[in-house]
Amino acid sequence: MKLWKRNVIAAAIVLFVCGAVYLNWSYSQDTAAGKNLGEAALVGNQKDPLVTQEDKDANQEGKEPAGTSDDSQSGTYFSTARLNRQQARDNALSLLQEAAKDEKADQKSVDEANAAIQTMADYTMAEAQIENLVTAKGYADCVAFLGENSISVVVSAVETGLTDTDAARIGEIVMEQTGLKADQIKIIEAE
């Protein structure tokens, strides 16, 4: 009976972690395709309460409203992607911590939950290190999504486009930090 409960708990944890990773990946695909969650269009002649007088004046003068330049939109993608990644990890982490603290769980289940927590911590550290090193190489922003056998790195768009040299430079950083091979690395240029 205990073995059955342990297996159910482990399966549930794995399912939640996989679900969180899938949702994070799905969201990153939607935002890369130009879809931003939370954006809404007003219907009819309703006034947007968040539009300031400064934005209206800038719009009449042909300028972009404050905070709507390409750089800020690009920065919004990266900060949103990091936030979503962190929220997914936090949800999975809370489930793993509950499983690790469960008094009814056997030692093997507790050890598996603790190992999964350590893996998540390692992924978080590796992603942060990669993001810092890529931005140190002169790219405006970067976000990495590390999985068990692959990684996706989204880099802010550069004026000339992402070249093979850029991809090699980023790939070298990723391989050094993760030990993954080149065919396990996906580098995406954010638009």
Side-chain angles (χ1 to χ4, degrees), residues 17-42 48 50-52 54-55 58-59 61-93 119-191:
V17 170
C18 290
V21 169
Y22 171 76
L23 289 174
N24 196 11
W25 174 82
S26 175
Y27 178 76
S28 70
Q29 296 300 319
D30 285 346
T31 55
K35 300 176 190 173
N36 288 326
L37 296 178
E39 284 188 355
L42 295 176
D48 188 352
L50 300 177
V51 175
T52 64
E54 178 183 299
D55 291 342
N59 195 22
E61 294 174 12
K63 299 178 183 175
E64 288 186 15
T68 60
S69 69
D70 288 341
D71 290 339
S72 69
Q73 289 174 355
S74 175
T76 301
Y77 164 75
F78 289 103
S79 56
T80 302
R82 283 188 190 97
L83 178 64
N84 288 338
R85 179 183 66 193
Q86 188 60 42
Q87 288 174 340
R89 287 230 172 105
D90 289 345
N91 290 339
L93 182 63
T119 300
M120 286 176 57
D122 293 343
Y123 284 2
T124 302
M125 291 297 296
E127 288 168 345
Q129 192 74 346
I130 290 166
E131 291 167 4
N132 289 333
L133 291 171
V134 169
T135 54
K137 288 289 185 178
Y139 300 95
D141 209 346
C142 169
V143 64
F145 301 99
L146 182 59
E148 187 175 337
N149 294 318
S150 66
I151 186 168
S152 294
V153 181
V154 182
V155 181
S156 61
V158 292
E159 290 178 19
T160 60
L162 200 61
T163 65
D164 290 340
T165 305
D166 293 324
R169 184 180 298 146
I170 295 167
E172 182 180 320
I173 291 170
V174 172
M175 287 186 279
E176 184 179 291
Q177 295 300 314
T178 62
L180 293 172
K181 297 176 185 171
D183 63 340
Q184 296 171 307
I185 301 169
K186 184 175 183 180
I187 300 171
I188 303 164
E189 181 178 15
E191 297 179 4

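I187 approaches G171 most closely through the heavy-atom pair CD1-N, 3.8 Å. Scanning both residues, F145 and A81, for their nearest heavy atoms gives CZ-CB, 3.9 Å. Taking each heavy atom of A92 and M120 in turn, the nearest pair found is CB-CE, 4.0 Å. The minimum heavy-atom distance linking K181 with I185 is given by the pair O-CG1, 3.5 Å. Shortest non-hydrogen contact noted between A157 and A190 is CB-O, 3.0 Å. Taking each heavy atom of M175 and A182 in turn, the nearest pair found is SD-N, 3.8 Å.
Of the options I130, L180, T119, a side-chain contact (heavy atoms from CB on, under 4.5 Å) to L146 is made by L180 and by none of the others.
In this structure, R85 CZ and R82 CZ are separated by 6.5 Å, a value rounded to the nearest 0.5 Å. Taking CG of D122 as the reference point, atom OG1 of T178 lies at 12.5 Å (rounded to 0.5 Å). Here CG of D90 is found 9.5 Å from CG of L83. Values are rounded to the nearest 0.5 Å. Note that CD of Q86 is 10.5 Å distant from CG of N84, once rounded to the nearest 0.5 Å.
Not counting sequence neighbours, the partners of L133 by the side-chain contact (heavy atoms from CB on, under 4.5 Å) test are Q129, I173, Q177.
Between Y77 and V143 there is a side-chain heavy-atom pair separated by less than 4.5 Å.
Atom CD of Q184 has more than 12 heavy atoms from other residues, nucleotides or ligands within 6.0 Å. Within a 6.0 Å radius of CG in D183, more than 12 heavy atoms belonging to other residues, nucleotides or ligands are found.
Between the side chains of N91 and Q87, no donor-acceptor pair of N or O atoms lies under 3.5 Å. A side-chain N or O of Y139 and one of D166 form a donor-acceptor pair less than 3.5 Å apart.
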- [ ] With salt bridge (charged side-chain N to carboxylate O under 4.0 Å, His left out) as the test, would you mind laying out the steps for R89 and E127 before giving the verdict?
- [x] CA-CA 13 Å; R89 287 230 172 105; E127 288 168 345; 2.7 Å; yes
